[in-house]
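This report refers to the structure that appears directly beneath it.
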Amino acid sequence: MTDPQENAVAPAGAPFAVMLRGALLPSTVAGVVAVVVLTVVRGGDAFVGSLLGLAVSVGFYASGMFLLSRLVRSASPHAFFAVAMAVYFGQVLLLLVFFIVFRDASWVDGTALAVTALVVTIAWQAFAWRAMRTARFPVYDEPAADPEERP
């Protein structure tokens, strides 16, 4: 049996970095598969829309996880919530700008974009969840061996 390491506390942003590493590659692969399938099924017009959906979806999720892993360094729940909401608000604003810019583009297949974005979203959520479940982050402190050392 191994001895527990003293002061083996993960930094506050570590769970987001773990989820980013665990979800980035599988969701990108799923998106590339969706691009290939949609291009074959719907034709060459779907290629650009699918690539755009892949880039926007991966960029959306990866930027959120990356920013949270870098910005959340305090253990304060209030600071975490404020930073998380600010990051999410910024992402939603960027998505709004993206949709405003590309809403009338005739060269973008909207269905292919949406299907690819959906595939990437489902893959990202599944693999981020898997990465978080397999990561070993303590959720509580180990009890003190001596009852007098307890706070």
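- Hydrophobic cluster membership of Val40, counting Ile, Leu, Val, Met, Phe, Trp and Tyr whose side-chain heavy atoms lie under 4.5 Å apart directly or via other members: none, as it forms a cluster of its own.
- Hydrophobic clustering of Ile, Leu, Val, Met, Phe, Trp and Tyr side chains at less than 4.5 Å, counting indirect connections, keeps Leu118 apart from Val33.
- Hydrophobic clustering (side-chain heavy atoms under 4.5 Å, transitive across Ile, Leu, Val, Met, Phe, Trp, Tyr) groups Phe47 together with Val56.
- When side chains are defined from C-beta on, Leu96 counts as touching Ile100, because their heavy atoms get closer than 4.5 Å.
- The two residues Gly31 and Thr116 come nearest to each other via the heavy atoms O-CG2, 4.0 Å.
- Cluster membership for Val87 and Val92, using ILVMFWY side-chain heavy atoms within less than 4.5 angstrom, is shared.
- Inter-residue side-chain proximity for Tyr61 and Gln91 is flagged as unmet; no heavy-atom pair is nearer than 4.5 Å.
- Under the 4.5 Å side-chain heavy-atom criterion for grouping Ile, Leu, Val, Met, Phe, Trp and Tyr, Leu68 is not connected to Phe127 through any hydrophobic cluster.
- Heavy atoms only, all atoms of each residue included: Val35 and Leu51 are closest at CG2-N, 4.0 Å.
- Val37 is not connected to Val120 by any chain of hydrophobic side-chain contacts under 4.5 Å among Ile, Leu, Val, Met, Phe, Trp and Tyr, and they are in different clusters.
- Between Phe60 and Tyr88, the ring planes lie perpendicular to each other; the angle is over 60°, past the 30° to 60° tilted range.
- In this structure, Asp45 CG and Thr111 OG1 are separated by 11.5 Å, a value rounded to the nearest 0.5 Å.
- Note that CD1 of Ile122 and OG of Ser57 are 11.0 Å apart. Values are rounded to the nearest 0.5 Å.
- Across all non-hydrogen atoms, the minimal contact from Leu38 to Ala46 is O-CB, 3.6 Å.
- Using a 4.5 Å cut-off on side-chain heavy atoms (C-beta onward), Trp124 and Leu20 make contact.
- Between Leu52 and Phe98 there is a side-chain heavy-atom pair separated by less than 4.5 Å.
- Closest approach of Ala131 and Met19 over heavy atoms only: CB-CA, 4.1 Å.
- The shortest non-hydrogen separation linking Leu24 to Ala62 is CD1-CB, 4.1 Å.
- When every heavy atom of Ala23 is checked against every heavy atom of Ala128, the shortest pair comes out as CB-N, 3.7 Å.
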